[in-house]
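Here's the structure, in C-alpha cells; my notes come after.
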Amino acid sequence: MTNNGFFGIGIFCLTLLNPIVPLCGLETRPLTLLVLADEECREDPAWKEKAEEVVGAASRSFEKLFGIKLVLAEFSEWASLDSVTSLDLLAEGLEAHVEKGFHDIVVAFTAQKSLDEKYYGYSIFKEGIVVLKMLVDIQTGVRSLQHELAHLFGAVHVDDPNSLMDIYSRGNGFDRLNARIILLNRSRSFHGAGFPLPKESWGETAELCRKIAVAITREEMRRKLDRGIARRQNLEDVHLLLAQIYLEQEKYDEVIAECQKALRVNPSNLEGLNLHGIALRRSGRVDEAIKQYQMILEKKGERSQVLYNLGIAYGRKEELERARDCYLRAIELKPNFAEAHTNLGEIHLRLDRLEEAETSFLKAISVNPRFALAYANLAELCLRKKDDARALELAEKGVALDPELSAAYTVRGRVHHRAGKTGAAKSDFLKALALNSKDEKACYNLGNCHLDEGRVGEAAAMFLRATNLNPRFGEARASLGYCLLLENRPDEALRELHLALECGYETSNVYLNMSSCYLKKGLFDEAIAMAERARVLDPGSSLAHNNVGIAYAQKGMVARALTEFETALALDPKNKEALLNLGNIRLGLGELESALDFYLRILALDPSVAVVHNNVAVIYFKTEIIDGPGSMPGGPNRSASNSIRIF
C-alpha cells in the first residue's frame, strides 16, 4: 500500500526502476488487464487517457526489469460504495462482484473523496486485483501501481528508504531481494484456485523472505534503541507470504509460527487468523480449525473466505448440510466466488443432488472460465450420469488448463477405468499421486484397479492410505473391509465396515460383506440380520438371499436354505454361488442328477471353478460305482478327490 494523492495528465520525468537483475533473454510475458473506473472517476472525461498513461508507464518499467508486459485489454465501469472509507474495504467489495473472465489482472481506479488519505493503493494477492486512487501526480500514480503490482508477484513491504516496497513510499526502485522475488514468480497463475506462485520458486522465495524478515527485525531494533519505539506498520506481509509457502510445503508448525509473528505485528489481520485455521485443518486438527473460524466470524463478522474454509472443515467431518450452509453464506457475500460455487457443487454431488451440483459447477466456470477444478468436478458429475464421453472431454479440459491439478487426472483415470482401460487408469491415478500425495480419491481408485487385477494386498494398502488421509472416507473403509474379508481377516474387516457406516456410507454391499464376515466367524444369526439389512436397501439382492441361505444351511435348516438359494437364483440366474450351494445341498441329499445339473450350469458360465470340477468328479465316481460306467454323461474321473466342498 502507498500514500494518498491525486493525479492527472501531464508531461513528466518518470524515475524508472533500478535494473537490478538482467533479464538474460527472458521471454516477455504479456498479462491482460481489465481496467475499471468508479462513478466518481468517470466524472473526468479524460479518465481513460489518464489510466492508459499510468498503466503504460508501469508496463514499460515492468517489462524492462522483469519481462512482464501489461496489455490493457478492456475498459469497464464499477460502482464503489460511498459509505466505504478505506481502500481495503473498497477492494474487498470489488473482489466480491467483479468477474475477470479471461483477463489476468483487474486494475480499478477510484476518485472517492471520503477515502482515508493514508494510502494510494491496495492489492489482493491471490485474485490479482489492484485498486488505485486517481492521483494528480502521475509519477506517484505510476509508482503506486508498480508497488501494488509487485505485491501480486510476491514482493513484500520493507523498511528501506530506497525501495519502492518501503512502507513509507520513500523509494523509486526495487530493493534487490524483492526484485529477485518478482523475477522468481513472474510466471504465477492468475486463474487457478490454489496458491498462485510457481512451485519451483517456493524454496528460494521463502529464503528471500526470511532475509527480509531478519532485516526488518534489525531495523526495528535500531529504531527502538535510537528513538525508544518500534515502527512495524504494514510489515506483517512477509510473515503471511512465508506462512502461505509453508502451507503448500505442508510445514504446518512453521505456518502457525509465522501467523503468530504476523499477528504480533497486526493482531486483527484477517489473513493471519485464516491461515492459522487452514494449517490446523490440514494437519488433521479439524475441530480446532472449526473453533478458529467460528472465533474469526464472531470478531470480524461474516467473511466469505472464512465461511468458505469453515465449509471445507465441515465437509471433512461429513457434516454436509453445515458445509452447504457455509458455502451458500460465502456466495451471498461474494457472488463471484468460483471456489465456493464448485465446493457447493461437490457437496450437492455427495448428497446425490445432481441438478444442483451441475448448476454450481457451471456457475463456477462462468465466473472463471479457466478454473480447471470446476471442469474436473463437472466431469465427475457426468460420470455419475453415465455420460462417459462428456466426462472424458471435461477431464481433458481440466488437464489442459492445469497440468498440475491432481483431481483432473483422477477423474480422467476413472473414465478410463470404466472403459476397461486399466493401464491408462492406473497411469492417471499415479500421476495424480505424484502431483498430490494426499489425493485420497486417487489412492482409492488406484486400489480399485489393483482389486480388479486380483492384487488384494496392494489394493488394501491403497485403501488404507486413503483412510489415513481422510478418516471419514466411507467408500475407502468399505473397500478396505472387503479386502480384509478376502484375506480371511473377518474381525478386522468388520471393524472397517462398521467405520464405513459411521462415516455415513450405508450401502447394501456394506451389510452384505458384514454378513459374510459373520458367516466366517460362525455367527449365523448375526449373518442373517446383516443380510436382511442389505435386502432392505436392495430388495433385488441375489447375494443377500444367498448369504441367508448359507446361514440357514449351517444351522441345519435345509428347507429354508433351499428356499433362499432358489430365490437368489431367480433374481440372478447367473449367480454362481447360489448354483454351487444348490448343487451342494442336492448332492448332500443324494439327489445326484439335480446336483449335476447345477454344477454343469456353473461350468457353462465359468469353466475355471475348481471346486465344481471336483464335485462333478465325485458324482461321476458315485454313479459309476452305483450304476456302472457311463451311466452319467462324461464318464468317471478317478483322479479327482472323493470329497465334497459345501458353501
Side-chain angles (χ1 to χ4, degrees), residues 34 36 38 76-101 106 108 122 124-129 131 191-194 268-271 273-275 277-278 281 289-369 371 373-374 377-378 381:
L34 170 61
L36 306 176
D38 68 1
S76 190
E77 302 174 356
W78 70 297
S80 59
L81 292 174
D82 294 338
S83 59
V84 172
T85 59
S86 65
L87 276 176
D88 57 342
L89 293 177
L90 206 61
E92 287 182 21
L94 173 64
E95 177 204 1
H97 296 90
V98 69
E99 294 187 10
K100 294 196 321 184
V106 174
Y122 188 87
I124 301 179
F125 168 66
K126 179 177 172 293
E127 288 74 11
I129 294 174
V131 177
H191 296 279
S268 65
N269 184 278
L270 178 63
E271 189 62 20
L273 295 166
N274 195 39
L275 283 169
I278 295 173
R281 189 194 77 236
I290 289 173
K291 289 180 181 178
Q292 172 80 357
Y293 297 137
Q294 290 172 337
M295 178 271 292
I296 299 171
L297 293 171
E298 288 173 7
K299 291 185 175 181
K300 297 284 188 178
E302 296 273 274
R303 296 299 183 108
S304 60
Q305 193 65 42
V306 179
L307 287 165
Y308 169 76
N309 283 313
L310 182 57
I312 294 174
Y314 280 135
R316 203 70 176 171
K317 289 172 63 70
E318 294 297 321
E319 297 183 28
L320 302 186
E321 291 295 347
R322 280 187 167 183
R324 177 177 177 274
D325 176 65
C326 287
Y327 293 135
L328 287 171
R329 287 158 64 194
I331 290 167
E332 185 177 358
L333 293 168
K334 183 179 175 182
N336 65 348
F337 201 162
E339 293 95 326
H341 282 292
T342 198
N343 277 24
L344 176 61
E346 195 264 343
I347 292 295
H348 284 147
L349 200 58
R350 289 160 71 180
L351 291 168
D352 207 31
R353 300 171 183 171
L354 302 189
E355 298 309 314
E356 293 172 84
E358 184 170 15
T359 298
S360 294
F361 296 145
L362 290 174
K363 177 60 179 177
I365 290 170
S366 73
V367 170
N368 184 353
F371 189 14
L373 182 59
N377 284 338
L378 190 55
L381 173 68

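These numbers come from the heavy atoms of this one structure, side chains and all, not from hydrogens, waters or symmetry mates.
- Contact annotation: the side chain of Leu351 approaches that of Glu321 to within less than 4.5 Å [non-hydrogen atoms, C-beta and beyond].
- The distance from atom OH of Tyr308 to atom NZ of Lys334, rounded to the nearest 0.5 Å, is 9.5 Å.
- Closest approach of Ala357 and Gly345 over heavy atoms only: CB-O, 3.3 Å.
- Put simply, the side chain of Leu354 does not reach to within 4.5 Å of the side chain of Glu358, judged on heavy atoms.
- Residue Gln294 places its CD atom among more than 12 non-hydrogen atoms of other residues, nucleotides or ligands, all under 6.0 Å distant.
- A distance of 10.0 Å separates OG in Ser304 from CG in Asn309, rounded to the nearest 0.5 Å.
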**Message:** side chain to side chain contact (heavy atoms under 4.5 Å, CB included), that's the test. Do Tyr122 and Leu90 meet it? Break it down for me.
**Reply:** CA-CA 9 Å; Tyr122 188 87; Leu90 206 61; over 6 Å; no
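- Heavy atoms from other residues, nucleotides or ligands lying under 6.0 Å from CZ of Arg322 number 12 at most.
- Looking at heavy atoms from C-beta onward, Glu95 lies out of side-chain contact with Lys126 at the 4.5 angstrom threshold.
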**Message:** Go through it in stages, so that I can follow the logic: the residues are Leu270 and Val306, the test is side chain to side chain contact (heavy atoms under 4.5 Å, CB included), and I'd like the CA-CA distance, side-chain angles, deciding distance and then a yes or no.
**Reply:** CA-CA 9 Å; Leu270 178 63; Val306 179; 3.9 Å; yes
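- Taking a 6.0 Å sphere around NZ of Lys300, one finds it holds more than 12 heavy atoms contributed by other residues, nucleotides or ligands.
- Thr359 is not listed as a side-chain neighbour of Glu356, based on a closest heavy-atom distance of 4.5 Å or more.
- The side-chain heavy atoms of Leu273 and Asn269, taken from C-beta on, include no pair separated by under 4.5 Å.
- In terms of heavy atoms, Ala374 sits closest to Ala364 at CB-CB, 3.9 Å.
- For the pair His341 (side chain) and Ser366 (backbone), a donor-acceptor distance under 3.5 Å is absent.
- No side-chain heavy atom of Val367 sits less than 4.5 Å from a side-chain heavy atom of Phe337.
- Atom-to-atom distance recorded for Ile331:CD1 and Leu344:CG is 5.0 Å, nearest 0.5 angstrom.
- Here the closest non-hydrogen pair linking Gly101 and Pro369 is O-CD, 3.7 Å.
- Cation-pi contact between Lys317 and Tyr314: absent, since separation from the ring centre below 6.0 Å together with deviation from the ring axis within 45° is not met.
- The shortest non-hydrogen separation linking Asn274 to Tyr293 is OD1-CE2, 3.7 Å.
- Proximity of a side-chain donor or acceptor of Arg350 to a complementary backbone N or O of Gly315 within less than 3.5 Å is detected.
- The CG atom of Asn368 sits 10.5 Å away from atom CG of Leu373, with the distance rounded to the nearest 0.5 Å.
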**Message:** What verdict does the side chain to side chain contact (heavy atoms under 4.5 Å, CB included) test give for Ile365 and Thr342, after you've listed the backbone C-alpha separation in whole Å, the side-chain angles of each residue and the deciding distance to 0.1 Å?
**Reply:** CA-CA 9 Å; Ile365 290 170; Thr342 198; over 6 Å; no
**Request:** Determine, stepwise, if the pair Val106 / Leu36 fulfils side chain to side chain contact (heavy atoms under 4.5 Å, CB included).
**Result:** CA-CA 7 Å; Val106 174; Leu36 306 176; 3.7 Å; yes
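- Residues Asn343 and Tyr327 have side chains that bring a donor and an acceptor to within less than 3.5 angstrom of each other.
- Glu339 has its side chain within reach of Phe371: a pair of non-hydrogen atoms, C-beta onward, lies under 4.5 Å apart.
- Heavy atoms only, all atoms of each residue included: Asn336 and Glu99 are closest at CB-CG, 4.0 Å.
- No side-chain heavy atom of Gln292 sits under 4.5 Å from any side-chain heavy atom of Arg281.
- Here the CZ-CD1 distance, from Arg303 to Ile296, works out to 10.0 Å after rounding to the nearest 0.5 Å.
- Counting only distance, with no hydrogens or angles, the side chain of Lys100 and the backbone of Glu127 share a donor-acceptor pair below 3.5 Å.
- Note: Leu333 CG to Glu92 CD = 10.5 Å, rounded to the nearest 0.5 Å.
- Minimum heavy-atom separation, Pro335 to Ala96: CD-O, 3.1 Å.
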